[in-house]
Amino acid sequence: MKLFIVESPTKAKTIQKFLGKDFYVKATLGHIKDLPERGLGVDLKTLKAKYVYLRGKKKLIEELKRLSKKVEIVYICTDPDREGEAIAYFLKKDLQKVNKNIKRAVFYEITPAAIKESIRNAGYININLVYSQFARRILDRLIGYLISPILWKEFKNYRLSAGRVQSPALRLIVEREREIQNFRVKKYYYVKVILEKDGEIFHAIYDYRYEKPSDAKIIAEKLEKGFFSVYSVDIKEDKEYSPKPFITSDLQAEANAKLGFPPEKTQKLSQELYEKGYITYPRTDSYRMNEQKAKEFMNFIRREFGEKYVGRLRNFREKKNVQGAHECIRPTKPIPTIPEREELRILYDLIFRRTLASLMKEIQLERKKVIVEAITPELRRPIYLIAKGLKVVFDGWSRVYPSEIKEELLPLLAAGDLLKLIKTDLEERRTQPPSRYTEGTLIKTLEKLGIGRPSTYSTIVKTLKERGYIKVKNKTILPTHIAFEVVDFLMENFPLLMDYKFTSLMEEKLDLVEEGKVDWKEVVYEFASKVLSKELLRI
DNA sequence: CAGTGAGCGAGCTTCCGCTTGACTT
């Protein structure tokens, strides 16, 4: 018998089927050990850290030890990334007490071939990856646990907290709110002309911003006496590419925008869909899709909508900090609906449609730009107005997934055509303040800045709520009074922590640790001394 | 002797990231 260990129990079940009766396949359920919740858990002088078993994990380790004793070999197959390597490291330390034959294996796809390949190529733990996890973990601990108490003192409120992720996130929210508060709405006006051609009505606009409605009115009145004709018609083809398939951040953002689900709800539901076998792993930052599966979905598109709707599987460039362990989020099979309760079905439907859309043809558009000439006895020169048309020539992927495209239809027009004036009008517009973040747009913004990971996006928002920093009303995030004060205080006292680039600076150094070029303790010292004051570190 | 109240001291919060049940409310 052999033992094969992964992180997720759902994966374990699937892999058990592949490997058969010769294998015990077991799951760690994430991390085994972590710094203690209480106390710093790190010696500031030596950076020696105290790792303790997470609740329930002591028992789990005992079980894995019992099995390890019985088997000829143990394969540790936690996720192929920094955190997974750390799990493997602690696992091996415990299990090698009862079995010396332990190997580290990795896979990037849950297929029988990929799993068997991982066993063939099984080797050693990459200690540099483990070190980079130590550096990441300990830096987060030092920042969080040394700065939070300063907030308790300063604001006499022990519920407050600071951290590498939550504090810059809060800064985004507070700064946006200040922009909105300081925004001064300006009204401006366009002169609009309603015209008719062969009984069809359309409008053209004079492309000049008037600050004062009275100025605009003068022109409008002069145009009342004008003669209108088509000066030129310009037609251009355009296309709208299909959306990428879902990754965690996009799914949470879309479910928030289109279904009104808070990220936490989407997280829970997608986990359930995953456990029931309906979708792939729900915490991922990779757009990759299994080629064979993509073909199956394309066959589905061909059958349902015809060949002309079939697009292709695109290769998307991954962002820099992608850890490559998983595919995109997609249905496991091309089944359009599931016989489950409402909420699950709605979310599944969104994922199914998005997956299809990502493999479908572009939307073909026709953009028309019509210039209308107005000649009026009141003015020496003609005035030129613009009418814009947008027509969907081929609906492509929008057949299955909503697009933002709004058609603007114009009558059939050719240069020289005479037009009948219906009336002139003023169009009032206002400058728009930036909009508040929603839980979804905040997550997308954090992702763009490289702050946070797929498994934590929904908890970031939750933490900010729990600390009383934000309130969510009608899907939009509002910072509370204390949030403004805390951000100001942190900006003044811990500017590097509040720098949006901090995480990516840290990641660059962690990459060097992973390549074995830099000592992990040096990285911790460097950033800890830059972010925190010397007194705080007591060194 | 019982009840009251001042004064003192101890203990408590907190990070980010990986994964789900096993708990309590």
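Note on naming: letters A, B, ... go to the chains in the order of the sequence lines (proteins, then strands), and numbering restarts at 1 for each one. Every heavy atom of this structure was used, including side-chain atoms; hydrogens, water molecules and symmetry mates were not. These figures come from a predicted structure and were not determined experimentally.
- At the heavy-atom level, A:T463 lies under 4.0 Å from the strands shown only through sugar-phosphate atoms.
- Considering only side-chain atoms of A:P9, the nucleotide from B:dT20, B:dG17, B:dC18 that sits closest is B:dT20.
- Under 4.0 angstrom from either OP1 or OP2 of B:dG17 there lies no side-chain N or O belonging to A:S455.
- Taking atom CG of A:L160 as the reference point, atom C1' of B:dC12 lies 14 Å away to the nearest angstrom.
- Within the structure, a side-chain polar atom (N or O) of A:S8 is placed less than 4.0 Å from OP1 or OP2 of B:dT20.
- One atom, CG of A:D140, and another, P of B:dG17, lie 6 Å apart when rounded to the nearest Å.
- A salt bridge does not link A:K59 with A:E62: none of the charged nitrogens is closer than 4.0 Å to a carboxylate oxygen.
- Counting distance only, with no hydrogens placed and no angle test, the side-chain atoms of A:R136 and the base atoms of B:dC16 include a donor-acceptor pair under 3.5 Å.
- Per the geometry, CG belonging to A:L91 stands 13 Å off C1' belonging to B:dC18, to the nearest Å.
- An OP1 or OP2 oxygen of B:dG17 is reached within less than 4.0 angstrom by a side-chain nitrogen or oxygen of A:T456.
- Counting any heavy atom pair closer than 4.0 Å across all strands shown, A:A162 reaches sugar-phosphate atoms only and no base atom.
- Cation-pi geometry between A:R141 and A:Y145 is met: the NZ or CZ atom falls under 6.0 Å from the ring centre, inside 45° of the normal.
- A:G39 comes within 4.0 angstrom of a base, heavy atoms only.
- A distance cut-off of 5.5 Å between ring centres, combined with a plane angle under 30°, places A:W152 in a stacking arrangement with the base of B:dT13.
- Here A:G163 lies in heavy-atom contact (under 4.0 Å) with sugar-phosphate atoms only.
- Between A:E154 atom CD and B:dT14 atom C1' there is a gap of 17 Å when expressed in whole angstrom units.
- In terms of the side chain to side chain donor-acceptor pair (under 3.5 Å) criterion, residue partners of A:K465 (sequence neighbours excluded) are, by chain and number, A:E439.
- Ion pairing of A:E37 with A:R55 is absent here, as no side-chain N (NZ or NE/NH1/NH2) approaches a carboxylate O to less than 4.0 Å.
- A:Y274 comes within contact range of the sugar-phosphate backbone alone, with a heavy-atom separation under 4.0 Å but no base atom that close.
- Taking atom CZ of residue A:R141 and atom C1' of nucleotide B:dT13, one finds them 13 Å apart after rounding to whole Å.
- The aromatic ring centres of A:F23 and A:F18 sit 6.0 Å or more apart.
- Here A:R164 lies in heavy-atom contact (under 4.0 Å) with sugar-phosphate atoms only.
- If you check distances only, the side chain of A:R453 never reaches the base of B:dC18 with a donor-acceptor pair under 3.5 Å.
- Between A:F352 and A:Y348, the two ring planes are parallel [angle under 30°; tilted spans 30° to 60°].
- Ring-plane geometry between A:F134 and A:W520 is classed as perpendicular, the angle between the planes exceeding 60 degrees on a 0 to 90 degree scale with a lower cut at 30.
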Using nucleotides 23-25 of chain B, report all nitrogen or oxygen pairs with the protein that are shorter than 3.5 Å.
none

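- Summarising the geometry, the separation between CD on A:E37 and P on B:dG17 is reported as 16 Å, rounded to the nearest angstrom.
- Between A:R283 and A:Q166, it is A:Q166 whose nearest contact on DNA chain B lies nearer the 5' terminus.
- Ion pairing of A:E296 with A:K293 is present here, as a side-chain N (NZ or NE/NH1/NH2) and a carboxylate O approach within less than 4.0 Å.
- Ring to ring, A:Y51 and A:Y89 are not that close: their centroids are 6.0 angstrom or more apart.
- Among the nucleotides B:dG21, B:dT20, B:dC16, the one closest to any side-chain atom of A:R55 is B:dG21.
- Projected onto DNA chain B by closest heavy-atom contact, A:R467 and A:H31 fall at different nucleotides, the more 5' of which corresponds to A:R467.
- Listed nucleotides: B:dC18, B:dT14, B:dT20. Nearest to the side chain of A:D79: B:dC18.
- In this structure, A:E272 atom CD and B:dT20 atom P are separated by 13 Å, rounded to whole Å.
- Listed nucleotides B:dG17, B:dC16, B:dT14 differ in distance to A:E83; the shortest reach to its side chain belongs to B:dG17.
- Taking atom CZ of A:F502 as the reference point, atom P of B:dC16 lies 11 Å away to the nearest angstrom.
- Proximity of A:S148 to the phosphate of B:dC15: no side-chain N or O atom is located under 4.0 Å from OP1 or OP2.
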